[in-house]
Amino acid sequence: MDIGAHAPVGDSSGAFDQVQRLARELLVYKFAIDELMTKLRILSEEFDFVHQHDPIEHITNRVKRPEAILEKLRRKGLPTDVDLVAEHLDDVAGVRVICPFVSDVYRVEAMLRRQNDVQIVRTKDYIAEPKANGYRSLHLIVRIPVFLSDRVEHVKVEVQVRTIAMDFWATLEHKLFYKYDDQVPEGFADELSSTAAMAAQLDQRMESLHQRVHGGS
Ligand code: 0O2
């Protein structure tokens with residue numbers, strides 16, 4: 001089914017079928033998010049119980065809107081067939097994990113890696129290697145099994161793990177510059193990367209205070 005195509009005028013049942021199919025496709029991503037959220041909540045609560053330190057501050061999630069899926073497929077020059085969405089897009093399902101300290105970001109990654117039913121498909125470490133504009137975060141593409149009434153689907157989820165400082169910067173950068181569509185005016189770019197460096201320094205200092213208070217945990 002091409003989600004970019006419009007059903008012929010008067011073909012209301014065809015259009016209904018298309019919407020139903022797309023809705024069912026997107027439902028599977030919601031289930032994958034639900035499973036991952038449960039896993040992360042368990043890790044958060046159990047680690048806190050054992051070590052008196054919660055490595056997760058909060059978690060948000062979203063399933064990409066159909067219009068945003070279409071827009072991204074078109075922008076990348078990819079087919080807008082609903083059956084190919086899973087093949088072409090890694091971020092239809094997204095989970096964002098906000099951690100207090102940088103060490104917690106890697107702790108969460110390590111705990112996810114230890115789960116047998118979580119396959120890590122790809123890792124992008126923008127903390128070790130920040131983007132040119134200063135963006136920092138750890139991105140994981142994971143695949144998890146979702147058990148449906150008649151089959152098992154292995155669904156991809158993009159997990160962004162970052163500190164409060166990284167999230168503060170990324171959220172404000174997005175608010176300030178989204179309208180420039182990657183063409184940020186020249187003076188702004190330097191100012192922006194210097195604020196990112198300040199956020200990174202804040203993370204380092206907080207990490208060192210954390211190590212003094214909590215040691216290795
Ligand atoms: P949204 O609304 O957050 O989903 P992709 O563009 O995903 O096909 P790419 O370039 O490999 O492939 O993705 P990458 O670099 O892993 O980053 C994708 C997501 O990371 C973005 O999703 C943002 O959420 C976040 N991100 C990446 N770079 C920046 C940045 O410079 N600033 C901010 N604020 N966020 C960033 P989307 O799809 O852009 O949007």
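Remember, it's 1-based here, ligands and their atoms both numbered in the order they're listed. Keep in mind that what you see is a predicted model, and the values were worked out from it rather than measured.
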Taking atom [atom1] of [X] as the centre, does the number of heavy atoms from other residues, nucleotides or ligands within less than 6.0 Å exceed 12?
X: Glu45; atom1: CD; result: no
X: Met37; atom1: CE; result: yes
X: Glu67; atom1: CD; result: yes

Closer than 4.0 angstrom, basic N to acidic O: yes or no for Glu173 and Lys175?
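No, Glu173 and Lys175 are not salt-bridged.
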
Lys/Arg-Asp/Glu bridge criterion (N-O < 4.0 Å) met for Arg113, Glu109:
yes

Near ligand 1, at a heavy-atom separation below 4.0 Å: residues by chain and residue number:
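Protein residues near ligand 1 are Arg62, Lys64, Lys72, Lys76, Asp91, Arg96, Lys124, Tyr126, Lys131, Asn133, Tyr135, His139, Glu158, Gln160, Ala170, Glu173, His174.
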
Please confirm whether the backbone N or O of Leu138 pairs with a side-chain atom of Lys124, one donor and one acceptor, at under 3.5 Å?
no

